[in-house]
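Following: one structure in structure tokens, then a few remarks.
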Amino acid sequence: MYYSKLLIPTLRDDPADAETISHKLMLRAGLIRKVASGIYSLLPLGLRVLSKVENIVREEMNKAGAQEILLPALQPAELWEETGRWDKYGKELMRLTDRHDRNFCLGPTHEEVITDLVRREVKSYKTLPINFYQIQTKFRDEIRPRFGLMRGREFLMKDAYSFDADLEGAKKTYQAMYEAYHKIFQRVGLRFRAVEADSGLIGGSSSHEFMVLAQTGEDEIASCEKCEYAANIERAELTAGDLPSSESAPKMEAVSTPEQKSVEAVSRFLDVSANQLLKTLLFVADEKPVAVLVCGDHEINEVKLKKLLGAEALALADHDTVKRVTNGPSGFSGPVGLTGLEIIGDFSVQSKAEYVVEANKEDTHYLHAVPGRDFSVSRYADLRNAVHGDPCPRCEASIKIDRGIEVGHVFMLGTKYSEKMDATFLDRNGKSQHFVMGCYGIGVSRIMAAAVEQNHDERGIVWPQQIAPFDVEIIPIQEKSEVVMIAATTIFETLKRKNIEVLFEDRKERTGVKFNDADLLGIPIQVIIGQRNLEDGLAELKERKTGEKILVPLDDIVKEVTKRCC
RNA sequence: CGGGGUGUGGCGCAGCCUGGUAGCGCACCUGCUUUGGGAGCAGGGAGUCGGAGGUUCAAAUCCUCUCACCCCGACCA
């Protein structure tokens with residue numbers, strides 16, 4: 001392809017409305033342009049990358065025995081009502097009505113549609129297992145779209161749905177998908193990690209997330225420093241700590257802590273560690289208030305809490321509720337004297353004898369508050385996020401925390417959807433059974449962003465070879481020199497004939513501009529043809545990733561490039 | 001939705017506090033020179049300052065409302 005014929009609008013400055021590296025670089029390299037918040041157009045170069053990712057995904061899914069289909073993005077409300085998700089999915093579902101006032105949504109995921117298809121068309125165990133996938137645009141009205149393609153409201157996703165006759169079969173399918181995902185992310189060229197995960201809104205019993213390791217990731221991953229254990233921080237199990245020695249603490253006493261609002265401020269003011277403070281958070285779970293206690297240096301994990309309570313809805317209590325329940329202003333809640341609601345403590349709270357707690361009064365704390373003596377705790381449970389140094393749930397070592405970008409997620413759904421939608425087949429005894437399902441997602445467009453996030457330097461993008469928009473960029477330097485252009489064109493044509501994807505930088509720009517744009521675009525190999533080297537029969541080959549430049553005899557340049565591309 | 005912030009030629013920004021009719025760099029067009037890491041000179045095109053309303057002789061600038069976008073939190077591929 002000729003550079004001058006492609007729309008590659010590179011930007012010299014960082015765009016004002018981009019913060020993340022991948023977002024900035026994708027805009028600057030002319031891969032994408034914003035249309036509205038979380039909605040982007042893909043320009044020629046961006047689409048080339050996306051297609052490459054798509055094809056890798058497609059090839060591996062096919063190899064794993066899944067069949068490609070295409071389901072509609074526009075879906076009738078009735079199907080969603082069958083599973084109850086028309087109500088449950090909430091505002092994230094893009095809803096619309098047709099001219100007859102019938103309700104529709106733009107699909108954020110396709111369990112309903114595929115289950116409907118399968119229950120109509122698959123009747124016998126003989127057709128099982130069966131696994132369908134599609135690569136399609138999804139719509140989610142995200143609360144806060146951000147970071148360019150990382151979290152859009154419209155994005156490209158590969159979603160697969162498997163149907164098995166029994167749990168055993170479903171587990172095998174799950175395993176096959178798990179392995180296919182490893183291959184996919186390896187081929188795409190990302191450093192990633194599969195971690196245990198919570199299954200969220202989609203539901204189901206077990207699930208793994210595939211995380212691309214990157215500083216800007218929105219997720220936190222807890223992984224063991226010694227063994228193979230790795231889990232989303234939301235999921236990482238923590239066990240009960242040691243019980244404290246039952247030495248008698250001094251009597252509880254109130255102290256004045258004027259203007260000390262944050263945990264840090266109070267711990268500084270009273271000169272106690274944050275760990276010594278007890279945070280009391282009030283939640284409302286399905287209309288019922290609950291108090292939760294965690295140490296000052298820990299964070300509550302709402303997913304765990306929700307699960308423990310078996311609650312459908314869980315939110316922090318609003319100011320009025322706090323006042324009603326604690327008889328004190330919000331922001332000053334403590335466990336002492338709390339009645340009429342359950343008080344649950346995190347396991348770690350158990351391991352210390354006494355705490356500094358809020359007193360349900362402005363500017364006041366209690367010292368030496370002892371659980372069980374000065375306030376009651378109905379039960380202890382695992383309620384917080386793991387932190388660096390927590391014990392690994394599998395071995396003796398401790399946990400470290402990394403950030404990651406979720407690019408894939410596999411779920412064992414079981415019969416959750418097939419039961420609700422009454423999707424059944426006849427087993428070999430002629431008995432009706434519910435399909436055992438699994439579902440498997442990959443954020444195709446997100447992979448693109450994650451790849452940039454993980455592969456860049458101060459000069460621009462450094463594409464992994466497998467998903468680069470082109471394999472090679474040819475940069476002739478004196479475009480007015482006939483010998484230069486002949487040599488460059490010859491190499492260009494020869495490489496094309498070898499099915500290598502080449503971008504020919506034929507713009508009438510200064511050398512510096514060409515070099516800078518080439519580094520920004522991040523095509524893995526640059527072949528630089530200049531008069532000076534040409535006189536010695538040489539061309540220059542630059543590897544974008546390392547910056548290494550070598551001089552190669554003209555006759556060998558095609559061979560050298562081919563070697564590096566394959 | 002709560003908190004913080006920004007909207008001025010295509011892009012990045014200044015001007016706003018202390019109202020007086022829009023400026024800088026880059027990009028763009030023409031010509032000449034230049035050409036191994038974002039060129040120089042000369043000439044030129046392009047904005048009514050997110051939108052609406054108000055105050056005023058006069059509004060990018062002050063006031064009110066509104067919209068869009070970005071960042072932090074809850075959601076997720």
Side-chain angles (χ1 to χ4, degrees), chain A residues 9-20 23-24 27-28 30 33-39 57 89-93 108-110 135-160 181 197-202 207 209-212 218-219 232 234 299-303 306 313-316 318-319 405-411 439-450 459 475-481 484 508-520 526 528-534 540 542 547 549:
Chain A
T10 56
L11 302 173
R12 214 174 262 218
D13 303 308
D14 278 338
D17 56 3
E19 207 72 25
T20 342
H23 191 193
K24 280 184 196 169
L27 286 165
R28 282 194 54 208
R33 283 296 182 263
K34 187 172 69 185
V35 174
S37 179
I39 303 176
V57 172
Y89 215 95
K91 287 192 178 163
E92 217 158 289
L93 193 61
T109 175
H110 282 69
I135 298 173
Q136 186 215 35
T137 303
K138 295 283 186 282
F139 299 85
R140 290 184 192 174
D141 197 357
E142 293 284 349
I143 301 170
R144 183 152 85 85
R146 57 182 142 171
F147 306 158
L149 289 195
M150 202 81 90
R151 177 177 299 282
R153 291 192 287 176
E154 175 176 332
F155 59 98
L156 194 67
M157 173 165 156
K158 186 285 302 180
D159 47 329
Y181 272 39
D198 188 81
S199 45
L201 251 193
I202 311 260
S207 84
E209 287 168 337
F210 289 77
M211 296 284 196
V212 167
E218 296 180 272
D219 287 278
N232 191 308
E234 295 174 349
E299 305 242 304
I300 298 230
N301 177 322
E302 292 191 23
V303 176
K306 204 164 162 180
L314 180 78
L316 271 172
D318 58 33
H319 297 235
I405 301 164
E406 185 188 352
V407 289
H409 203 157
V410 292
F411 300 87
C439 83
Y440 319 92
I442 289 183
V444 177
S445 43
R446 182 181 279 181
I447 284 179
M448 225 173 120
R459 305 197 48 78
I475 310 174
I477 292 196
Q478 293 85 11
E479 72 272 355
K480 279 193 184 143
S481 151
V484 166
K508 290 176 184 40
E509 287 287 354
R510 310 202 94 226
T511 312
V513 174
K514 291 180 181 176
F515 283 163
N516 282 312
D517 275 343
D519 288 347
L520 177 60
Q526 299 172 14
I528 300 157
I529 314 286
Q531 192 133 33
R532 230 170 40 206
N533 290 322
L534 214 51
E540 190 176 310
K542 177 179 159 185
K549 293 179 186 172

Regarding [X], tell me which of base, sugar-phosphate or nothing describes its non-hydrogen contacts under 4.0 Å with the strands shown.
X	result
Val513(A)	base
Glu540(A)	base
Arg33(A)	nothing
Met150(A)	base
Phe147(A)	sugar-phosphate
Leu11(A)	nothing
Gly512(A)	sugar-phosphate
Glu142(A)	base
Gly408(A)	sugar-phosphate
Lys34(A)	sugar-phosphate
Gly148(A)	nothing
Asp17(A)	sugar-phosphate

>> Quick check: closest heavy atoms across Arg153(A) and Ala36(A), and the distance to 0.1 Å?
In response: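 That closest heavy-atom pairing would be NH2-CB, 4.4 Å.
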
> Would you call the rings of Tyr440(A) and Tyr181(A) parallel, tilted or perpendicular, where under 30° means parallel and over 60° means perpendicular?
Replying inline: perpendicular

Can you find an N or O donor on one side and an acceptor on the other, under 3.5 Å apart, linking the side chain of [X] with the base of [N]?
X	N	result
Arg151(A)	C76(B)	yes
Asp219(A)	C76(B)	yes
Asp14(A)	G12(B)	no
Glu509(A)	G38(B)	no

Test your reading of the model: is there a side-chain donor-acceptor pair from [X] to the backbone of [Y], 3.5 Å cut-off?
X	Y	value
Gln478(A)	Gln531(A)	yes
Lys138(A)	His110(A)	no
Arg33(A)	Pro9(A)	yes
Arg446(A)	Leu149(A)	no
Arg140(A)	Pro108(A)	yes

Which base sits across from [N] as a Watson-Crick or G-U pair, both distances under 3.5 Å?
N	answer
U6(B)	A68(B)
A39(B)	U33(B)
C62(B)	G54(B)
C1(B)	G73(B)
A14(B)	none
A46(B)	none

Compare the minimum distances between each of [options] and the side chain of [X], then state the nucleotide with the smallest one.
X	options	answer
Ile528(A)	G36(B), C75(B), A77(B)	G36(B)
Asp13(A)	A74(B), G12(B), C76(B)	G12(B)
Arg532(A)	A27(B), G36(B), A77(B)	G36(B)
Gln478(A)	A77(B), C69(B), U35(B)	U35(B)
Phe411(A)	U35(B), A77(B), C26(B)	A77(B)

Pairwise [atom1] distance, [M] and [N] [rounded to whole Å]:
N	M	atom1	result
C24(B)	G45(B)	P	14 Å
U6(B)	C13(B)	P	12 Å
G44(B)	G51(B)	P	29 Å
C16(B)	U61(B)	C1'	4 Å
C62(B)	C70(B)	P	25 Å
C11(B)	G20(B)	P	26 Å
A60(B)	G47(B)	P	16 Å
A59(B)	A52(B)	P	14 Å

>> If I take atom CD from residue Glu234(A) and atom CG from residue Asp219(A), how far apart are they, to the nearest 0.5 angstrom?
In response: 6.5 Å

> To the nearest 0.5 Å, how far apart are CD in Glu509(A) and CD1 in Ile475(A)?
Replying inline: 12.5 Å

> Hey, is Phe515(A) stacking on G36(B)? Ring centres under 5.5 Å, planes under 30°.
Replying inline: no

Between atom [atom1] in [X] and atom [atom2] in [N], what is the gap in whole Å?
X	N	atom1	atom2	result
Glu234(A)	A74(B)	CD	C1'	11 Å
Asp517(A)	G38(B)	CG	P	12 Å
Ile39(A)	C70(B)	CD1	P	10 Å
Ile300(A)	A74(B)	CD1	P	13 Å
Asn232(A)	A77(B)	CG	P	11 Å
His409(A)	C75(B)	NE2	C1'	14 Å
Lys508(A)	G31(B)	NZ	P	13 Å
Arg446(A)	A77(B)	CZ	C1'	5 Å

> Start at the 5' end of RNA chain B and walk down; is the nucleotide closest to Gly530(A) or to Leu149(A) reached first?
Replying inline: Gly530(A)

> Start at the 5' end of RNA chain B and walk down; is the nucleotide closest to Lys480(A) or to Arg153(A) reached first?
Replying inline: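 Of the two residues, Lys480(A) wins.
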
OP1 or OP2 of [N] less than 4.0 angstrom from a side-chain nitrogen or oxygen of [X], does that happen here?
X	N	result
Arg146(A)	C71(B)	no
Ser37(A)	C70(B)	yes
Arg510(A)	A39(B)	yes
Arg144(A)	C71(B)	yes

>> Under the criterion side chain to side chain contact (heavy atoms under 4.5 Å, CB included), I'd like the reasoning laid out for Ile528(A) against Phe515(A): C-alpha separation, chi angles, the key distance, then a yes or no.
In response: CA-CA 9 Å; Ile528(A) 300 157; Phe515(A) 283 163; 3.9 Å; yes

